[in-house]
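Below: the structure, in structure tokens.
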Amino acid sequence: MDLFAIDTLLSEEERDIRATVRAMGDRDLRPHVAEWFEEGTIPARELARSLGELGVLGMHLEGYGCAGTSAVAYGLACLELEAVDSGLRSLVSVQGSLAMYAIWKYGSEEQKQQWLPGMAAGELIGCFGLTEPDAGSDPGAMRTRARRDGSDWILDGTKMWITNGSVSDVAVVWARTDDGVRGFLVPSGTPGFTRNEIKRKLSLRASVTSELVLENVRLPASAMLPEARGLSGPLGCLNEARFGIVFGALGAARDCLESALSYAADREVFGRPLAGFQLTQQKLADMTLELGKGMLLALHLGRLKDQGLITPERVSTGKLNNVREALRIARECRTILGANGITLEYPVLRHANNLESVLTYEGTSEVHSLVIGGAVTGIAAFR
């Protein structure tokens, strides 16, 4: 990053926040992440409390125990967390930018007071139930329904691929009603609400991924988010989370590139360091350029967000470019490490596997391409 003088574009506070999150990641997370990935589990409760103490849960929100930082500072925190593992950044993104943001943006004051302070502290964990088995890129096709029964609501449906789902204390569940799509807060332990962890994953293994099943779940009227009506509610939350990915994916790419640079400097081939061969330097130079360009794009989008000038199309531009390039960097770094690159002794293939999921979730690369295509042509191609 010295080639791009990135630090000159950051405030002292932003550099300090970045350094604090990086230090916590190196000290408390990195020594264990390969084991978590191999075992397909993480100590979610313990991690949530540690991340809450660090102040990164909902850190870009104001009030209710949240830090109220800039969007850029939040992005840098996501970058440092994903430099350890995408699953850890996912935990923070879903907690802060999906579950907490939904309550903060669309909830009643009572709902905010009930949930947000505990979630900011990491004492409570949230999840975000939008995606369904047959409704991913097309949330308008959701089948989960909520119907009135007196003053109560009755929810029925299934949500799939839900990060934090089986360890959550509250799920933000989106459902069809006679009044359009509405959001509901479903506490764990509610009768008829079950959470099943999804196992045998080849990606995001250091992350909790779950299925949510709602069978005749009865909720009081106060469980509904009063300020969200229609798909604009959940889509607004997704834009918040996608912004974190714009930065986060670069953390995974940076960790891969740093590993490849270190390996190439130490590995001798034909009597000289691997880093001294022209083909290797071509790879390293190209990856450095793409990482730097992605960082400049992320910072620009962050400044726009802090000025209130971000748009969904701009977020799609950042998410599409930075995740796509991060995945390419991870794959290219694996070639530099050769056979060593496929082991958990090095992070590159773990990052590459994770980025395969990041490429798909919260808007596939195809969907973001169509968002950008629609913006530049004025013609919607979704239907």
Side-chain angles (χ1 to χ4, degrees), residues 21-54 56-57 77-99 122 125-128 131 160-168 195-212 241 244-245 247-259 323 326-327 329-331 333-334 337 340-362:
V21 178
R22 182 182 299 185
M24 185 268 197
D26 289 342
R27 181 185 66 247
D28 300 334
L29 304 176
R30 196 177 295 275
H32 309 290
V33 71
E35 180 182 353
W36 294 337
F37 187 92
E38 185 170 27
E39 294 179 352
T41 185
I42 59 168
R45 287 281 174 190
E46 178 183 336
L47 287 174
R49 286 191 290 269
S50 296
L51 292 165
E53 291 175 4
L54 189 65
V56 299
L57 300 178
C78 288
L79 186 151
E80 294 303 331
L81 289 167
E82 195 147 359
V84 181
D85 193 85
S86 300
L88 301 174
R89 195 267 311 142
S90 292
L91 188 160
V92 170
S93 288
V94 170
Q95 177 87 341
S97 289
L98 290 179
I125 297 177
C127 69
F128 188 84
T131 298
M160 184 63 80
W161 311 117
I162 308 303
T163 298
N164 299 348
S166 55
V167 296
S168 66
R195 294 92 52 79
N196 307 306
E197 187 170 358
I198 297 170
K199 295 290 191 178
R200 305 187 72 185
K201 297 182 296 181
L202 299 177
S203 177
L204 291 179
R205 292 179 55 77
S207 178
V208 175
T209 309
S210 308
E211 174 193 45
L212 309 181
I245 294 173
F247 278 85
L250 299 177
R254 188 195 71 196
D255 196 49
C256 291
L257 183 52
E258 288 176 349
S259 297
V323 178
L327 181 55
I329 287 171
R331 290 168 173 166
C333 286
R334 211 290 303 166
L337 271 68
N340 285 311
I342 72 168
T343 75
L344 284 173
E345 298 302 313
Y346 298 89
V348 291
L349 195 56
R350 172 169 57 80
H351 281 309
N353 281 4
N354 286 338
L355 287 167
E356 290 287 356
S357 291
V358 180
L359 187 72
T360 300
Y361 71 23
E362 296 182 31

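The structure displayed is predicted, hence computed values, not measured ones. Just so it is clear, the values below take in all heavy atoms, side chains as well, and ignore hydrogens, waters and symmetry mates.
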Checklist outcome for this item: For Pro347 and Ser259, the nearest pair of non-hydrogen atoms, with its separation, is CG-OG, 3.3 Å

Checklist entry - Can you name the residues that form a side chain to side chain contact (heavy atoms under 4.5 Å, CB included) with Val56, not counting sequence neighbours? => result Val21, Leu51, Leu54, Met59, Ala77, Val92

Checklist entry - Which atom names give the shortest non-hydrogen contact between Phe37 and Leu204, and what distance separates them? => result CE1-N, 4.4 Å

Checklist entry - Below 4.0 angstrom, N of the basic side chain to O of the carboxylate: do Arg254 and Glu80 qualify? => result yes

Item to check | Any donor-acceptor N/O pair, Arg334 side chain to Leu349 backbone, under 3.5 Å | outcome: no

Checklist entry - Where do Ile42 and Asp85 land on the side chain to side chain contact (heavy atoms under 4.5 Å, CB included) test, with the steps shown first? => result CA-CA 11 Å; Ile42 59 168; Asp85 193 85; over 6 Å; no

Checklist entry - Shortest non-hydrogen contact from Val84 to Gly25? => result CG2-CA, 4.1 Å

Tabulate below the donor-acceptor pairs under 3.5 Å that side-chain atoms of residues 27-36 make, not counting sequence neighbours, or state none.
| from | atom 1 | to | atom 2 | distance (Å) |
| --- | --- | --- | --- | --- |
| Arg30 | NE | Asp26 | OD1 | 3.1 |
| Arg30 | NH1 | Asp255 | OD1 | 3.1 |
| Arg30 | NH1 | Asp255 | OD2 | 3.4 |

Next on the checklist: If I take atom CZ from residue Arg200 and atom CZ from residue Arg205, how far apart are they, to the nearest 0.5 angstrom?
Outcome noted: 10.5 Å

Item to check | Point-to-point distance, once rounded to the nearest 0.5 Å, from CH2 of Trp161 to OG1 of Thr131 | outcome: 10.5 Å

Next on the checklist: Is there a side chain to side chain contact (heavy atoms under 4.5 Å, CB included) between Asn354 and Ser207? Walk through the geometry before answering.
Outcome noted: CA-CA 10 Å; Asn354 286 338; Ser207 178; over 6 Å; no

Next on the checklist: So does Asn353 get a backbone contact from the side chain of Ser203, meaning a donor-acceptor N/O pair under 3.5 Å?
Outcome noted: yes

Next on the checklist: Would you compute the distance between atom CG of Leu57 and atom OG of Ser93 and round it to the nearest 0.5 angstrom?
Outcome noted: 10.5 Å

Checklist entry - Which heavy atom in Arg195 sits nearest to a heavy atom in Gly165, and how many Å separate them? => result NH1-O, 3.2 Å

Checklist entry - Any sub-3.5 Å donor-acceptor pair from Arg350's side-chain atoms to Glu38's backbone N or O? => result no

Checklist entry - Got a sec: does the CG of Leu344 have more than 12 other heavy atoms crowding it under 6.0 Å? => result yes

Item to check | Ile198 and Met160: CA distance, side-chain angles, deciding distance, side chain to side chain contact (heavy atoms under 4.5 Å, CB included) verdict | outcome: CA-CA 9 Å; Ile198 297 170; Met160 184 63 80; 3.5 Å; yes

Checklist entry - When rounded to the nearest 0.5 angstrom, what distance separates CG in Leu250 from SG in Cys78? => result 11.0 Å

Item to check | Heavy-atom pair with the smallest gap, counting every atom of Gly126 and Val94 | outcome: O-CG1, 4.0 Å

Next on the checklist: Walk me through whether Leu355 and Val358 qualify under side chain to side chain contact (heavy atoms under 4.5 Å, CB included).
Outcome noted: CA-CA 5 Å; Leu355 287 167; Val358 180; 4.3 Å; yes

Checklist entry - Is there side-chain contact between Arg89 and Ile245, with heavy atoms separated by less than 4.5 Å? => result yes

Checklist entry - Looking only at side chains, do Tyr361 and Thr163 share a donor and an acceptor under 3.5 Å apart? => result no

Checklist outcome for this item: Note: Thr209 and Lys201 closest approach over all heavy atoms is OG1-NZ, 2.8 Å

Checklist entry - Distance from Cys333 atom SG to His351 atom NE2, nearest 0.5 Å? => result 9.5 Å

Next on the checklist: If the threshold is 4.0 Å, N to carboxylate O, is there a salt bridge linking Lys199 and Glu197?
Outcome noted: yes

